[in-house]
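Here's the structure we're looking at; comments come further down.
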Amino acid sequence: MKFLKLLLVLVVFQVQAQQGGMWIPSLLKGTNEKEMKALGMKISADAIYSANNSSLKDAVPHFDGGCTAEMISPKGLLLTNHHCGYDNIQSHSTVENDYLTNGFWAYKMEDELPNKDLTVTFIIKIEDVTTKIFEGVLNLPTESDKQKRIQQNIAAVSKSFQKEAWQDVMIRAFYDGNQYLLFVTENFKDVRLVGAPPSSIGKFGSDTDNWVWPRHTGDFSLFRVYADKNNRPAEYSKDNVPYQPKHFFPVSAKGIQENDFTMVMGYPGRTQEYLPSFAVEQIVNDLNPAKIEIRDAALKVQDGFMRKDNAIKIQYASKYAGVANYWKKWIGETKGLKKSNAVAIKQDFEKKFQERVNKAGKQEEYGTILADFEKNYKDIREYAIARDYFTEVVLRNSEILSFGYRLYQLEQVYNTRGEQAFNDRKNNLISGFEGLYKDYSAQVDEKVFEQLINLYATKSPKQFLPESLNNINASTLTTNIFSSSKLTNYNGLKEVLNGDAKSVLDKLNQDPAYQLVKSIAESYQKNVAPKSDEINLKNIALQRTYMKGIMEFFPNDRIFPDANSTLRVTYGKVKGYKPSDAVYYEPISYLDGVIEKYVPGDYEFDVPKKLIDLYNAKDYGRYADKNGKMPLGFIATNHTTGGNSGSPALDANGNLIGLNFDRVWEGTMSDIYYSPEICRNIMVDTRYILFVIDKFAGAKNLIEEMTIVYPKSQKTK
Ligand code: ARG
Ligand code: ASP
């Protein structure tokens, strides 16, 4: 009996230990395939990735460079998140015709809406080119020589690689530069909006519920990929036809249960799973708190205006969501790193690393890495804080400063590359700024500026500040700038940019907002950037060697490469979790939760009347579960990150069971330290998506072009 119990504990432990990681789809054979099968997968690694035959990867494009999407019909129908399509939905919206608020559905292909600048990229094949990229690198004396040579090799290999005329090639570093993979891609440029639920479904719970489980957001939208007559990428044209993908996912209406196998394919953006403890400590104690405080201030101001003024709400909705998203994530991440003792766990690991290095007699290659890291992170601390203040205040959250910074770069272009380059950049800026000012309110920005410039002047490391920020009175400075700068509106900006380089630069340099940005940027370039870049470069080199050492000394650990916006596969099980003492979260949410959270008229928790009616009538079509309830969301142990939004969640047979869109609050630390105990990804159940398309929107045209897999009991209905 005791023995059995022990065995059980061991088995459970092993299954748990086999989760986490973002794996390269072309390299699943072996360990990953075994683990996936042990977890319940019924298909083979070849069915997921094959360079020659159609495979699951052919249905999973990168969406707009930042999200993931999947093909769900033979006619190029594309599913992604509402928050991924948000900018495009917004760009077709006006106060009178507000698709964000009311939703949008194309009941005929002619009604689908083209999107300027929206692209969707498919992976054709993946090849290891590490040896070619390292040619002539290892004997070079300095890190920057090595980096230069690597860049040259990447350019040369990309150029000479055999591919079709309509394809592209890109090369990316894996394992901190220990491995290089080449991707052949096809980049589609005619992608049209097909459907989006109203925000009261697609963004239900908004920022209050963001990063939180239990969740009730129907976070999906639909697009269609168009191709030329040969099914190849083409610029937008009326004559383009729906793209026929090499694979599309059958959509499952069968539902899921706790402990079911799931896998997620997608394009995770960035993780830092192998940072040394010193770096994690700095994130927890210095960097996250600084960034959180800055965004906190900006968000409070914007929220105040958005709640009072509908035009401002439309202008700022997307920007606000973007800023709030990582603000909230950093708060959860900081808490999770503390609670899970990530720093202490890393320190333990580092002790073991050092022991193994010593035991193997490899001190020369690896012996000082950790001591060097420690020194570097100490040396870079103030510079790193200053860099985050600069990025968050000047580049990201004060609009007038970020506009000014682009103009500062324009002046640099003139100084380094002359009048012609200046004019080209200037014309680009004039057209680019038009969109930015369309969503700009000087009234909002003035209040944001006042808060942020005060934080910058009082809280960022003083030794790097320009004189213009010494002992300022934030409110006087703000009034001065906003009452006399030309940059507070588009016409003013065009006036400044009108004329030849000399006269433009004269006008710019008399503008008080410009003068301020320039002084901040110059002192940053002079006092912060060089030293920060220098130490960073050292850390990049160290991290590469450290990674190499980890692979060498921990050969039995499951070591996956950090996310780098390339296609990955992660797998696990549908599973609840225990966020805190005496609390357990179940893995599946239902439409009932929407009704529980309903606050009439609230901008986050309002519910469309039609949805309430369908709920009251229990009119769920063929999409209810076997108890007659409407499932909405679920969570699993898949290891995902930003960029995985819109990723397909697949069952053991490769059918689509969910659409990934978020992670749970307690597990947002997973970018730095993944724990299968509390890290969960959040998905919308495909049954809810089908229900909204079919019963809520009545878009039968879309349902008909999909292949839907119904449960046995429903087949006859
Ligand atoms: N947290 C999710 C992700 O990182 C969803 C973000 C969009 N939703 C929002 N309320 N801002 O992208
Ligand atoms: N919401 C994220 C995204 O947009 C996914 C995540 O961070 O879990 O990619």
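Every number for a ligand or one of its atoms is a count from 1 in the order of the listing.
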[atom]: which of [options] has the nearest heavy atom?
| atom | options | result |
| --- | --- | --- |
| atom 8 (N) of ligand 1 | Thr640, Asn210, Asp209, Asn81 | Asn210 |
| atom 3 (C) of ligand 1 | Ile682, Asn644, Asn325 | Asn325 |
| atom 2 (C) of ligand 1 | Thr208, Asn660, Asp662 | Asp662 |

Do me a favour and list the nearest non-hydrogen protein atom to [atom] with residue, atom name and distance?
| atom | value |
| --- | --- |
| atom 7 (C) of ligand 1 | His83 CG, 3.5 Å |
| atom 8 (O) of ligand 2 | Arg663 NE, 2.8 Å |
| atom 11 (N) of ligand 1 | Asp207 OD1, 3.3 Å |
| atom 2 (C) of ligand 2 | Ser645 OG, 2.9 Å |

Can you name the atoms of ligand 2, numbered from 1 with element, that are less than 4.0 Å from a heavy atom of Gly643?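 Once the distances to Gly643 are compared, the set is 3 (C), 9 (O).
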Counting from 1, what ligand 2 atoms have a heavy atom of Phe661 closer than 4.0 Å?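 Under 4.0 Å from Phe661, ligand 2 has these atoms: 1 (N), 2 (C), 5 (C).
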Looking only at heavy atoms, is any part of [X] under 4.0 Å from ligand 2, and if so is it the side chain, the backbone, or both, or is it neither?
| X | answer |
| --- | --- |
| His83 | side chain |
| Asn81 | neither |
| Tyr267 | neither |

Taking the six-membered ring for Trp and the full ring for Phe, Tyr or His, determine whether the centres of Tyr243 and Phe248 are under 6.0 Å apart.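 Not under 6.0 Å, so no.
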Do the two ring centres, one from Tyr99 and one from Phe104, sit under 6.0 Å apart?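 Here the rings of Phe104 and Tyr99 have centres that are less than 6.0 Å from each other.
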Using a 3.5 Å cut-off on N or O atoms only, is Tyr326 in polar contact with ligand 1?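 No.
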Relative to ligand 1, is Ser206 under 4.0 angstrom through side chain, backbone, both or neither, heavy atoms considered?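 The answer is the backbone.
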Any side-chain donor paired with an acceptor under 3.5 Å for [X] and [Y]?
| X | Y | result |
| --- | --- | --- |
| Tyr440 | Asp445 | yes |
| Asn187 | Thr185 | no |
| Asp562 | Thr271 | yes |
| Lys597 | His216 | yes |

Heavy-atom count around [X] [atom1] within 6.0 Å, excluding the residue itself: above 12?
| X | atom1 | value |
| --- | --- | --- |
| Glu586 | CD | no |
| Lys447 | NZ | no |
| Lys578 | NZ | yes |

State whether the shortest distance between N or O atoms of [X] and N or O atoms of ligand 2 falls below 3.5 angstrom.
| X | result |
| --- | --- |
| Gly66 | no |
| Trp211 | no |
| Thr640 | no |

Under 3.5 Å donor-acceptor, Tyr175 side chain and Ile559 backbone: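 Yes; judged by distance alone, with no hydrogens or angles, the pair exists.
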Ligand-side contact atoms (ligand 1) for residue partner Phe661, heavy atom cut-off under 4.0 Å: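 In order of number, 2 (C), 5 (C).
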How long is the gap from CG on Asn644 to CG on Asn660, to the nearest 0.5 Å?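 Asn644 atom CG to Asn660 atom CG measures 5.5 Å (nearest 0.5 Å).
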